[in-house]
Amino acid sequence: MIVLGVESSCDETGLALYDTGRGLLSHALHSQVAMHEEYGGVVPELASRDHIRRAIPLLQQTLEGAHIAAADIDAIAFTQGPGLAGALLVGSSIACSLGLALDKPVLGIHHLEGHLLSPLLASDPPEFPFVALLVSGGHTQLMRVDGVGQYELLGETLDDAAGEAFDKSAKLLGLGYPGGPAISRLAEFGDPAAYKLPRPMLHSKDLNFSFSGLKTAVLTVVKNAGAANVCEQDKANIARGFVDAIVDVLVAKCVAALKQTSLKRLVIAGGVGANSQLRAALNAAAARKRFRVYYPELEFCTDNGAMIAFAGAMRLSINPGAAKREYAFNVRPR
Ligand code: KG4
Ligand code: ZN
């Protein structure tokens, strides 16, 4: 069965074809980062318009890459939410229009399920069950995953998501958008002893997170250091203090979740999963505590169509009736 995946929840247009027999056939992505950069964040209206411009050329590119015709597609999976309403509507209308034109069934996919299953696209995928840490721009959650569709929420952020904390702190340091990669690069040059920032909820007895206090701590440090006049080395030191704090909390909660569930496999998904300091700290903890950690391929950490095609194929393998010839544009932004 060949499933087309369409992702358009935020600022990436992703199309992909996944074959349940042969694996990922091809995928194509357009990132709008350069377009939103000058505004310091995603402008929803611009995002929707750009998805419209990019979707069909990317679809053609994906079909050519897979050497198949549109008629060979068996089902179409699209990101139904959460995300920006207008952006989601573009993906959903593309999927439904194609479905109607080709007489193929469509199914909506939860964006986070796409992220959650993305490590299974890797060459050495984890077996179920595992603990998953989902760290994206909008979410921070720890889950127990027993199979496709069998997810138990173990803990989540009470306020900002981890990616949001990265982006907002980067903004306070005058770094560009998206801030995650920028603050991470800068932190490499920072002195870890210069700023000891708070580790919110590190010792709470649950698996929840809170990052808004950390962001406020960055704001206070930036103000005290002279706001706009912070020198480059001091910026790097603050970046380092921030990254060390957030990584400490994320790693500690993952270790606690593995202990609570008695599981030995940890899966990392979502954009912050691309972070090199987080990966290094998790790998060190894994060696120390004897668990195994799995990551998606770097290109599938951030938003992409492959994870949506794959999640669609997995959903259909457990419930072939999940895709329907119903073409109402049905999105769930929240
Ligand atoms: O999963 P994703 O592409 O989109 C959402 O579903 O939110 O995640 C985007 C988030 C942004 O906050 C971005 O700053 C963060 O992931 N991110 C990173 C890195 N690469 C992306 N954060 C830290 N280090 C990175 N290398
Ligand atoms: Zn995402």
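One-based numbering, in listed order, for ligands and for the atoms of each. Side chains included, hydrogens not; waters and symmetry mates left out as well; all remaining heavy atoms used.
For ligand 1, the atoms sitting less than 4.0 Å from at least one non-hydrogen atom of A274 are 26 (N), numbered in the order shown with element in parentheses. In summary, the atoms of ligand 1 found under 4.0 Å from a heavy atom of G137, numbered by their order in the structure, are 5 (C), 7 (O), 8 (O), 9 (C), 10 (C), 12 (O). Less than 4.0 angstrom separates some heavy atom of G163 from each of these atoms of ligand 1: 12 (O). Interface atoms of ligand 1 facing T302, defined by a heavy-atom separation under 4.0 Å, are 3 (O). For ligand 1, the atoms lying closer than 4.0 Å to a non-hydrogen atom of H111 are 6 (O). In summary, the atoms of ligand 1 found under 4.0 Å from a heavy atom of G138, numbered by their order in the structure, are 7 (O).
For ligand 1, the polar-atom distance check against H115 finds a nitrogen or oxygen pair separated by under 3.5 Å.
Looking at D303 and the Zn ion (ligand 2) together, the shortest N, O or S contact belongs to OD1.
At least one N/O/S atom of H111, whether from backbone or side chain, sits less than 2.8 Å from the Zn ion (ligand 2). Because the distance cut-off is set at 2.8 Å, H115 qualifies as a neighbour of the Zn ion (ligand 2) through one of its N, O or S atoms.
If you check which protein heavy atom lies closest to atom 20 (N) of ligand 1, you get G271 O, 3.4 Å. If you check which protein heavy atom lies closest to atom 24 (N) of ligand 1, you get N275 ND2, 3.0 Å. Of the protein's non-hydrogen atoms, the one nearest atom 4 (O) of ligand 1 is D303 OD1, 3.2 Å. Closest to atom 22 (N) of ligand 1 among all protein heavy atoms lies G180 CA, 3.4 Å.
A salt bridge does not link D167 to K215: none of the charged side-chain nitrogens sits closer than 4.0 Å to a carboxylate oxygen. Using a 4.0 Å cut-off between charged nitrogen and carboxylate oxygen, R315 and E113 count as a salt-bridge pair. A salt bridge does not link D74 with K104: every distance from a Lys NZ or Arg NE/NH1/NH2 to an Asp or Glu carboxylate oxygen is 4.0 Å or more.
A side-chain N or O of E7 and one of H111 form a donor-acceptor pair less than 3.5 Å apart. A donor-acceptor contact closer than 3.5 angstrom links the side chains of S204 and K253. One side chain, T13 or H51, offers a donor N or O that lies under 3.5 Å from an acceptor on the other.
Cation-pi check for R240 over F189 is not met; the charged atom does not lie both under 6.0 angstrom from the ring centroid and within 45 degrees of its normal.
In this structure, the ring of H27 has its center no less than 6.0 angstrom from the ring center of Y18. Ring-centre distance between F242 and Y195: not below the 6.0 Å cut-off.
M314 contributes atom CE, which lies 13.5 Å from atom CG of N319 (distance to the nearest 0.5 angstrom).
Neither the backbone nor the side chain of H139 comes within 4.0 Å of ligand 1, counting heavy atoms alone. Here D167 has side-chain heavy atoms under 4.0 Å from ligand 1, and that is the only part of it that gets that close.
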Chi angles and distances behind the side-chain hydrogen bond (donor to acceptor under 3.5 Å, both in side chains) call for Q277, S184: CA-CA 7 Å; Q277 289 97 348; S184 166; 2.8 Å; yes
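For C10, the heavy-atom gap to ligand 1 stays at 4.0 angstrom or more.
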